[in-house]
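Predicted model, so just to flag it, every value in this text is computed and none were measured. Reminder, nothing fancy here: chain letters follow the sequence lines and each chain counts from 1.
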Protein chains: 2
Amino acid sequence: MDWTDLQHFLALAREGTLSAAARNLNVDHVTVARRVAALEASLLLKLVDRRPRSYELTEDGKRIAKIGAPMAETAFAIERAVQASKSGIGGEITISAPPSLANVLIAPKLIRLRRLHPGIRIKLIGEKRTASLNRREADLALRLSRPTEPGLIARKIGYFEFALYGSPNYLKTTPPHAFTFVAYDSSMDEAPQQRWLMRFAASREIVLRTNDLENQAAAARTGIGLAVLPKFLGEADPLLQRHDIGGRPVGREVWLVVHRDLRRTPTIRAVAGFIEDCLA
Amino acid sequence: MDWTDLQHFLALAREGTLSAAARNLNVDHVTVARRVAALEASLLLKLVDRRPRSYELTEDGKRIAKIGAPMAETAFAIERAVQASKSGIGGEITISAPPSLANVLIAPKLIRLRRLHPGIRIKLIGEKRTASLNRREADLALRLSRPTEPGLIARKIGYFEFALYGSPNYLKTTPPHAFTFVAYDSSMDEAPQQRWLMRFAASREIVLRTNDLENQAAAARTGIGLAVLPKFLGEADPLLQRHDIGGRPVGREVWLVVHRDLRRTPTIRAVAGFIEDCLA
DNA sequence: ACTCTATTGTGAGAATTCGCACAGATGGAC
DNA sequence: GTCCATCTGTGCGAATTCTCACAATAGAGT
């Protein structure tokens with residue numbers, strides 16, 4: 001049995017489509033299709049139903065995929081062990097962080113890290129979707145809440161508050177009862193800052209919903225309404241003015257997350273230290 | 001990371017040499033060397049020290065091999081699951097048994113199994129070395145003692161006794177105090193029949209030691225001395241005559257062993273039933 | 001109705017990988 | 001000492017595998 005065939009099949013089982021599996025493995029989708037077919041041929045067992053626009057696992061396929069899943073886990077554990085056994089400081093480190101934190105707090109200061117450790121190459125992915133440290137999609141991650149996955153070590157390294165921001169002209173000309181607002185779309189309804197905004201807005205209108213915080217800031221600058229922005233974003237923008245209201249402002253913690261296997265790696269420690277400085 | 005590279009490296013780690021790993025994987029030894037080199041290149045980590053006549057794992061290599069070992073276990077579990085999910089009776093079944101049992105009790109009757117289930121192809125390996133059911137070197141095994149490996153199901157399906165055999169002429173012309181004997185070599189000193197023989201021979205001479213029971217029988221036929229043979233072997237041979245002595249004869253149990261994962265497979269059950277009949 | 005995007009399928013040339021044959025070297029058996 | 005078995009290394013031709021480009025189809029959004 002060819003383990004590469006297994007690898008491709010398990011990727012297909014996990015990702016659901018040929019194309020997604022192919023992206024995950026950095027190969028062509030045709031390759032995944034062929035390897036899965038090869039695995040079926042060598043096992044003399046039908047693992048997938050080829051339907052017009054999708055591959056669907058057969059019962060046998062599901063069973064095999066379930067049994068084989070630990071193989072992928074182990075493979076990732078090996079990758080972590082390899083990373084961990086690199087003694088010197090250097091190599092490529094992947095950091096996952098919410099887009100706003102990545103853009104505003106991390107990216108501008110990366111030049112300092114580069115000067116300190118020229119051997120380190122940083123890959124910074126600013127994504128909403130929390131990258132899996134277990135699957136080694138990232139080596140370090142910034143999260144806004146304490147993660148619960150097993151094997152991860154989290155440390156609270158910061159806290160930031162939100163405030164309402166609008167264009168100075170908007171705030172001067174608009175009475176509070178006529179305020180309009182900019183918010184996340186409904187996929188973020190559970191986020192504290194969104195709940196806070198909803199309560200505050202009450203019956204007043206939400207005129208724009210967007211997933212992207214940068215878009216919210218841009219919209220607020222044009223005077224369309226008020227947006228809830230992290231203070232580190234709003235205060236630095238001369239085209240935005242804070243509108244203070246009473247009560248306790250909403251805030252979020254920042255957690256630095258690393259896999260247990262990588263905790264003591266010199267390179268990881270160096271980068272982790274740098275990130276803490278960024279947030280200090 | 002290419003899983004096939006990992007597979008080759010883990011085989012090398014387990015088997016110790018390139019050549020052994022190559023045999024295990026059914027590929028050329030050059031391929032194993034190349035894949036291990038490729039793995040090192042992709043991990044940027046030296047896994048083996050290439051010494052003149054041997055590959056030796058580095059510390060990193062040992063660590064990686066240890067972490068990766070469960071992958072091989074899982075791969076074998078998948079193979080068992082595949083075998084188990086074949087519903088019809090058919091396919092290739094590998095039986096491992098001590099050579100004498102295989103040759104005398106199983107092989108001659110295989111034609112009956114073939115008539116009963118034409119779809120089954122039997123691979124019968126008669127080896128001293130106990131094949132690993134966990135690593136799926138065999139699907140069914142006959143052992144002379146109860147195995148202790150986890151995951152295996154064993155059932156006692158038979159019992160046979162040993163006796164002393166020599167050529168009729170030798171027994172007629174030789175007084176007991178002048179008996180000479182044929183025995184296993186010292187690697188079998190712990191086997192019950194060997195211990196029994198040693199006690200019985202006492203100070204009388206062992207004139208031939210050989211690992212192969214068939215050789216012992218052949219030697220005894222020529223009149224060189226007496227050999228301890230299973231009765232199912234000795235009684236069927238017209239050129240051998242049993243020499244009965246007092247006391248309780250030594251015997252061994254026969255255990256039929258199957259992996260838990262394969263227990264309920266129709267094909268396995270059919271073959272297991274056939275083997276029980278052979279021993280009945 | 002249409003465009004846009006995401007999916008799987010097909011064919012051909014290029015790149016890669018593999019096995020074979022041979023060499024060199026070493027340790028054990030006789 | 002000599003032969004034999006075993007192990008690893010090298011070069012080359014053959015077989016395989018991969019990627020690329022294109023096609024077909026379906027679904028969502030405009």
Q: Nearest whole angstrom, please: distance from the C1' of D:dT8 to the CG of B:Leu12.
A: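 Distance check: B:Leu12 CG to D:dT8 C1' gives 12 Å.
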Q: Need to verify one output field. Residue with the more 5' nearest nucleotide on DNA chain D, B:Thr17 or A:Val30?
A: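 Its nucleotide being nearer the 5' end, the pick is B:Thr17.
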Q: In whole Å, what is the span from the CZ atom of A:Arg51 to the C1' atom of D:dT25?
A: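 So the two atoms are 14 Å apart, to the nearest Å.
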Q: Should B:Thr31 be listed as having a side-chain N or O under 4.0 Å from OP1 or OP2 of C:dG19?
A: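 It does, given that an N or O in the side chain of B:Thr31 lies less than 4.0 Å from OP1 or OP2 of C:dG19.
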Q: Could you tell me whether the phosphate oxygens of C:dG9, OP1 or OP2, come under 4.0 Å of any side-chain nitrogen or oxygen in A:Tyr55?
A: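 It does, given that an N or O in the side chain of A:Tyr55 lies less than 4.0 Å from OP1 or OP2 of C:dG9.
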Q: Return yes if some donor-acceptor pair links the side-chain N/O of B:Arg80 with the main-chain N/O of B:Asn134 below 3.5 Å, else return no.
A: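 Yes, because the side chain of B:Arg80 sits within donor-acceptor range (under 3.5 Å) of the backbone of B:Asn134.
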Q: With respect to the phosphate group of C:dG19, does any side-chain polar atom (N or O) of B:Arg35 fall under 4.0 Å of OP1 or OP2?
A: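 Answer no for this pair, as no side-chain N or O of B:Arg35 is under 4.0 Å from OP1 or OP2.
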Q: Going by 5.5 Å between centroids and 30° between planes, is there a stack of A:His29 over C:dT8?
A: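 Stack criterion met.
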Q: For B:Ala33 and A:Val27, find the nucleotide of DNA chain D closest to each by heavy atoms; which residue's nucleotide sits nearer the 5' end?
A: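 Nearer the 5' end of the strand: B:Ala33.
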Q: Using whole Å, what does the distance between atom P of nucleotide C:dT8 and atom CG of A:Asp49 come to?
A: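 After rounding, the reported distance stands at 14 Å.
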Q: Just checking, any donor-acceptor pair under 3.5 angstrom between side chains of B:Asp2 and B:Ser42?
A: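 Per modelled atom types, B:Asp2 and B:Ser42 side chains form no pair under 3.5 Å.
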Q: Do the side chains of B:Lys123 and B:Glu137 get close enough for a salt bridge, i.e. N-O under 4.0 angstrom?
A: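 Here B:Lys123 does not pair with B:Glu137 in a salt bridge, since their nearest N and O are not under 4.0 Å apart.
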Q: Calculate the interatomic distance between A:Trp3 atom CH2 and C:dT17 atom P; express it in whole Å.
A: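 Rounded to whole Å, this separation is 19 Å.
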Q: Between B:Asn26 (CG) and C:dC18 (P), how many Å, whole number?
A: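 Taking atom P of C:dC18 as the reference, CG of B:Asn26 is at 14 Å.
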Q: Within 45° of the six-membered ring axis of A:Phe200 and under 6.0 Å from that ring's centre, is NZ or CZ of A:Arg204 located there?
A: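 Checked: cation-pi criterion met.
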Q: Judged by atom type as modelled, is there a donor-acceptor pair below 3.5 Å linking the side chain of A:Thr31 to the main-chain atoms of A:Val27?
A: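 The answer is no, because no donor-acceptor pair under 3.5 Å joins these two groups.
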Q: Rounded to whole Å, please give me the gap between CG in A:Leu18 and C1' in D:dC18.
A: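 So the CG-C1' distance, A:Leu18 to D:dC18, works out to 15 Å.
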Q: May I ask you to evaluate whether A:Ser19 reaches the phosphate of C:dT8, defined as a side-chain N or O under 4.0 Å from OP1 or OP2?
A: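 A:Ser19 to C:dT8 OP1/OP2: side-chain N or O found under 4.0 Å.
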Q: Examine the base of D:dT6 for any acceptor or donor lying under 3.5 Å from a partner atom in the side chain of B:Arg53, and report the outcome as yes or no.
A: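 Flag set: donor-acceptor pair detected.
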Q: I'd like to know if A:Arg34 reaches the base of C:dG9 with its side chain, counting only an N/O donor and acceptor under 3.5 Å.
A: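 By the distance-only test, no, there is no pair.
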Q: Specify the separation, in whole Å, of atom CG of B:Leu25 and atom P of C:dT17.
A: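 In whole Å, C:dT17 P lies 17 Å from B:Leu25 CG.
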Q: Measure from CG on B:Asp28 to C1' on D:dT10 and round the result to the nearest Å.
A: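 Whole-Å distance recorded here is 12 Å.
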